[in-house]
Amino acid sequence: MDGALITIFTPTYNRAYKLPELYNSLLRQTCKDFIWYVINDGSSDNTEEIMKSFLQERKIKIKYESQENGGKHSAHNRAAANCETTIFFCVDSDDYLTDDAIEKIKRAWQNISAQKLELLSGIVANKMYKDGRIVGTEFPKEISMAGLSQLYALGKKGDTALIFRTEIIKQYPFPLFEGERFFREHVIYDEIDKKYKLYVLNDAVYICEYLDDGLSKNATLLEMKSPKGAAFARLHDAKKADSLNRRFRNLTAYLFFSIVAKDFKGAMKELGIIKTVLMLPFTFLGYIRYKIKGQI
């Protein structure tokens, strides 16, 4: 849109009080080669009014849309499908960017040769806290290109900023399950990893804050409300598990969420009768654990 290189996509749900912080960080960008694409995911607060005020200021390029509450992954699918720029960068509504984030991303992008670009799904960079600490650990310094899962296998810890080629992210939409509003993002990133690598930008471009009511801190509770997606993710994790213990734990979780989703027959068909019967006691223990935590 309007020749911009980067779309900064922000899905937002009842985060009107946090949006000005992100907006102001975009105003401070040393490079303005971007458009801010915001999807209001059914907010009941004053998000609409806040976004209208930003649009009226006309200080940066903004694309704003609203939809019924379908979850971050639903908004992500919509934004990726409609994105018209070369690069797609999801920045959550409770986070913001360093003042030179777009400049660093653009410079890194321009330094990637056309030959290497064909091998890449995009760029991975560090996130940091407000006090300047890197989230988790920095990337291995000797690695310039790698899949996300490979980076974690090599010792990287903590969340990362993922900046994708739009043409790639369009090809990997998140699965949607009727009535569910949460899905674990790593499932899609694992699929992208099978074919592409990421260019490693060992620098922080993204400042994050893990709020008490955010997705990160409430993932398990959200999974209980979205059991079909949770079962899908656990089966995915079981199939890629690198040890019998992890495979067993994920299959047990898959069975548990399948039961919550009232799809016991589907799980039994996937696992087989014998394996299902053997796993049921462990699944019951999982039920007790969630019950004690008040998540059922």
Side-chain angles (χ1 to χ4, degrees), residues 5-9 72-73 76-77 79-80 83 85-92 95 101 104-128 134-175 183-206 208 215-216 219 229-230 232-247 249-251 253-254:
L5 175 68
I6 301 171
T7 288
I8 300 170
F9 162 60
K72 175 182 176 180
H73 63 304
H76 191 285
N77 285 356
C83 183
T85 64
T86 302
I87 303 174
F88 183 89
F89 183 14
C90 181
V91 179
D92 291 339
D95 300 326
K104 287 178 178 177
I105 293 168
K106 183 175 181 179
R107 185 187 306 123
W109 189 263
Q110 291 174 335
N111 287 335
I112 299 172
S113 68
Q115 186 176 10
K116 282 186 177 180
L117 191 60
E118 291 300 313
L119 306 173
L120 299 174
S121 61
I123 297 171
V124 59
N126 281 311
K127 290 185 177 182
M128 69 178 180
I134 294 293
V135 174
T137 60
E138 293 191 358
F139 300 109
K141 295 189 182 300
E142 68 279 6
I143 302 296
S144 61
M145 293 191 341
L148 188 62
S149 55
Q150 180 186 0
L151 289 170
Y152 285 119
L154 291 171
K156 168 63 181 171
K157 296 179 181 179
D159 290 341
T160 58
L162 295 171
I163 303 109
F164 286 107
R165 288 168 57 196
T166 302
E167 64 179 296
I168 302 300
I169 203 65
K170 282 177 182 285
Q171 299 172 29
Y172 293 87
F174 291 100
F183 187 79
R184 289 189 178 272
E185 299 173 22
H186 75 274
V187 174
I188 296 305
Y189 302 152
D190 286 345
E191 292 303 307
I192 295 175
D193 263 5
K194 291 179 180 178
K195 190 173 180 180
Y196 300 98
K197 297 182 183 296
L198 288 159
Y199 178 88
V200 179
L201 175 58
N202 207 347
D203 206 341
V205 299
Y206 188 117
C208 63
L215 296 181
S216 296
F232 185 101
R234 290 304 193 280
L235 184 59
H236 164 88
D237 290 345
K239 290 178 177 179
K240 71 168 189 136
D242 56 4
S243 70
L244 288 176
N245 179 51
R246 289 183 180 177
R247 177 174 170 78
R249 289 172 60 187
N250 279 299
L251 285 177
Y254 161 70

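The analysis underlying the following values was restricted to heavy atoms, covering all of them including side chains, and did not include hydrogens, waters or symmetry mates. Residue numbers run from 1 in the order of the sequence given.
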Please tabulate, one pair per line, all N/O donor-acceptor pairs under 3.5 Å involving side-chain atoms of residues 135-143, not counting sequence neighbours.
from   : atom 1 : to     : atom 2 : distance (Å)
Thr137 : OG1    : Gly155 : O      : 3.4
Thr137 : OG1    : Lys157 : N      : 2.9
Glu138 : OE1    : Lys141 : NZ     : 3.3

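In this structure, the side chain of Arg165 does not engage the main chain of Ser121 through any donor-acceptor pair within 3.5 Å. With hydrogens and angles disregarded, no donor-acceptor distance shorter than 3.5 Å links the side chain of Thr160 to the backbone of Leu162. Checking side-chain atoms of Thr7 against main-chain N and O of Phe88 turns up no donor-acceptor pair under 3.5 Å. With hydrogens and angles ignored, the 3.5 Å screen pairs no side-chain donor or acceptor of Asp95 with any backbone N or O of Val91.
Applying the salt bridge (charged side-chain N to carboxylate O under 4.0 Å, His left out) criterion to Lys195, with sequence neighbours excluded, gives no partner residue.
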Please lay out, stage by stage, how Leu235 and Leu251 fare under the test side chain to side chain contact (heavy atoms under 4.5 Å, CB included).
-> CA-CA 6 Å; Leu235 184 59; Leu251 285 177; 4.1 Å; yes
Hey, mind stepping through His186 and Leu148 against side chain to side chain contact (heavy atoms under 4.5 Å, CB included) and telling me if it holds?
-> CA-CA 9 Å; His186 75 274; Leu148 188 62; over 6 Å; no
Decide ring pair (Phe, Tyr, Trp, His ring centres under 6.0 Å) for Tyr189 and Phe164; before the verdict, give the C-alpha distance in whole Å, the side-chain angles of both, and the deciding distance to 0.1 Å.
-> CA-CA 10 Å; Tyr189 302 152; Phe164 286 107; 5.6 Å; yes
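Counting heavy atoms from C-beta on, the side chains of Cys83 and Phe9 never come closer than 4.5 Å. Side-chain contact between Trp109 and Ile6 is absent, with no heavy atoms from C-beta onward closer than 4.5 Å. At least one side-chain heavy atom of Leu120 sits less than 4.5 Å from a side-chain heavy atom of Met145.
Between Tyr206 and Phe89, the ring-plane angle classifies as tilted under the 30° and 60° cut-offs.
Between Asp92 and Cys90 the shortest heavy-atom distance is OD1-SG, 3.9 Å. Closest non-hydrogen pair, Phe174 versus His76, comes out as CE1-ND1, 3.4 Å. The nearest pair of heavy atoms linking Gly158 to Tyr152 is O-OH, 2.7 Å. When all heavy atoms are compared, the tightest approach of Lys104 to Ala204 is NZ-O, 3.8 Å. When all heavy atoms of Ala125 and Ile163 are compared, the pair lying nearest together is CB-CD1, 4.4 Å. Looking at every heavy atom in both residues, Glu118 comes nearest to Tyr196 through O-CE2, 3.8 Å.
For the atom pair Asn111 CG and Leu201 CG, the distance stands at 10.5 Å (nearest 0.5 Å). Once rounded to the nearest 0.5 Å, the distance linking CD of Gln171 with CD1 of Ile169 reads 9.5 Å. Note that CG of Leu119 is 12.0 Å distant from CG of Leu198, once rounded to the nearest 0.5 Å. Note: Glu191 CD to His236 NE2 = 6.0 Å, rounded to the nearest 0.5 Å. The CG atom of Asp203 lies 9.0 Å from the CZ atom of Arg107; values are rounded to the nearest 0.5 Å. Put simply, CD1 on Ile87 and CG on Leu5 are 4.0 Å apart, with the number rounded to the nearest 0.5 Å.
Between Lys170 and Glu167 there is no salt bridge, since no side-chain nitrogen of the basic residue lies less than 4.0 Å from a carboxylate oxygen of the acidic one. Salt bridge Asp237/Arg249: absent, no basic N to carboxylate O contact under 4.0 Å.
Residue-environment remark: NZ (Lys116) stays at or below the threshold of 12 foreign heavy atoms within 6.0 Å.
Under the salt bridge (charged side-chain N to carboxylate O under 4.0 Å, His left out) criterion, no residue pair touches residues 144-153, with sequence neighbours excluded.
Asn126 and Lys156 share a side-chain donor-acceptor pair at under 3.5 Å.
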